[in-house]
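Okay, so here's the structure we're looking at.
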Amino acid sequence: MEQPRVMRLHEAALLPTRAHEWDAGWDVHADETVVIRPGETVKVRTGIAVGVPVGQVCDVRSRSGLASRGVVVANSPGTIDAGYVGEVCVLLHNQVRELHRVNRGDRIAQLVFLPINTTPLREVNALDESERGGAGFGSTGK
């Protein structure tokens, strides 16, 4: 699998880091200080861009430490496609009733690179039957 690439958009930008060698996610850092009001969603800059290899996707996911305090990636997981080479920004949402301050350098999300299926969709007139069928939301009980 091809290796993803990362680029600083300015000299002071912090590169993504992993706490442990085998961690799946790369922590990304805020490149600015912002205050997120209760119920508010804010776009936070990271100062980096990533080169996602063709055949992969980069998920932008919440960090468990922030999520436990009520601050999550709003569109989790966010999606960075191979064709996007602009700045990685993170939409953080404050779910609690207190202000949350993000300082420049804080770890705010994690990037996880995954292989994807890029085969084209094939239109059909019917789908194979299954035990579940069309049963959806709540169909398996509580």
Side-chain angles (χ1 to χ4, degrees), residues 1-140:
M1 188 164 13
E2 188 180 338
Q3 186 175 18
R5 298 165 315 279
V6 63
M7 180 179 77
R8 294 177 208 252
L9 298 178
H10 60 84
E11 191 176 304
L14 298 173
L15 292 176
T17 57
R18 288 187 301 175
H20 304 97
E21 181 181 2
W22 299 112
D23 286 353
W26 292 84
D27 292 330
V28 290
H29 307 265
D31 195 44
E32 60 186 333
T33 296
V34 297
V35 173
I36 310 171
R37 294 182 188 93
E40 184 178 44
T41 300
V42 173
K43 180 172 74 171
V44 183
R45 299 175 64 146
T46 66
I48 63 163
V50 293
V52 179
V54 172
Q56 294 183 41
V57 65
C58 178
D59 282 356
V60 181
R61 300 182 185 189
S62 296
R63 294 192 69 250
S64 59
L66 272 182
S68 70
R69 295 190 305 254
V71 179
V72 296
V73 173
N75 59 329
S76 187
T79 299
I80 302 174
D81 295 305
Y84 179 72
V85 294
E87 181 173 15
V88 173
C89 293
V90 178
L91 294 175
L92 286 182
H93 179 73
N94 183 356
Q95 303 179 118
V96 297
R97 295 186 178 165
E98 297 103 32
L99 292 173
H100 181 83
R101 181 183 173 97
V102 173
N103 295 305
R104 185 186 182 289
D106 286 354
R107 294 175 295 162
I108 57 170
Q110 56 183 325
L111 304 180
V112 177
F113 295 86
L114 300 165
I116 58 169
N117 183 340
T118 57
T119 59
L121 293 175
R122 179 172 50 100
E123 183 179 9
V124 296
N125 292 323
L127 298 175
D128 296 340
E129 293 294 321
S130 73
E131 184 179 323
R132 181 176 181 179
F137 299 105
S139 65
T140 60

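It should be emphasised that the depicted structure is a prediction, and the values quoted were computed from it without experimental measurement. In what follows, residues are counted from 1 in the order of the sequence shown.
The line from CG of D31 to CG of L9 is 8.0 Å long, rounded to the nearest 0.5 Å. Summarising the geometry, atom CD1 belonging to I108 is positioned 11.5 Å from atom CG belonging to N103; distances are rounded to the nearest 0.5 Å.
Looking only at side-chain heavy atoms (C-beta outward), P4 and V52 stay at 4.5 Å or farther from each other.
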* Asked: Please walk me through it: do L111 and D59 pass side-chain contact (heavy atoms from CB on, under 4.5 Å)?
  -> CA-CA 6 Å; L111 304 180; D59 282 356; over 6 Å; no
* Asked: Can you check side-chain contact (heavy atoms from CB on, under 4.5 Å) on H100 and L92, steps first, answer last?
  -> CA-CA 10 Å; H100 181 83; L92 286 182; 6.0 Å; no
Going by atom type alone, with no hydrogens or angles, which donor-acceptor pairs under 3.5 Å involve a side-chain atom of residues 112-121 and a protein atom two or more places apart or on another chain?
residue: N117; atom: OD1; partner: T119; partner atom: N; Å: 2.8
residue: N117; atom: OD1; partner: T119; partner atom: OG1; Å: 2.6

Side-chain donor-acceptor pairs under 3.5 Å in residues 34-51, sequence neighbours left out?
residue: R37; atom: NH1; partner: E40; partner atom: OE2; Å: 3.3
residue: E40; atom: OE1; partner: R37; partner atom: N; Å: 2.8
residue: T41; atom: OG1; partner: H93; partner atom: ND1; Å: 2.8
residue: R45; atom: NE; partner: E87; partner atom: OE1; Å: 3.1
residue: R45; atom: NE; partner: E87; partner atom: OE2; Å: 3.4
residue: R45; atom: NH2; partner: E87; partner atom: OE1; Å: 2.9
residue: T46; atom: OG1; partner: I48; partner atom: N; Å: 3.4
residue: T46; atom: OG1; partner: V88; partner atom: O; Å: 2.5

Can you give each donor-acceptor pair under 3.5 Å made by side-chain atoms of residues 69-82, sequence neighbours left out, with the distance rounded to 0.1 Å?
none

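Proximity of a side-chain donor or acceptor of Q56 to a complementary backbone N or O of E2 within less than 3.5 Å is detected.
Every residue meeting the side chain to side chain contact (heavy atoms under 4.5 Å, CB included) condition with A19, not counting sequence neighbours, appears here in chain and number order: D23. Residues forming a salt bridge (charged side-chain N to carboxylate O under 4.0 Å, His left out) with R18 (at least two apart in sequence, or on another chain): none. Here D27 pairs with T17, R63, R107, Q110 under the side chain to side chain contact (heavy atoms under 4.5 Å, CB included) rule; sequence neighbours left out.
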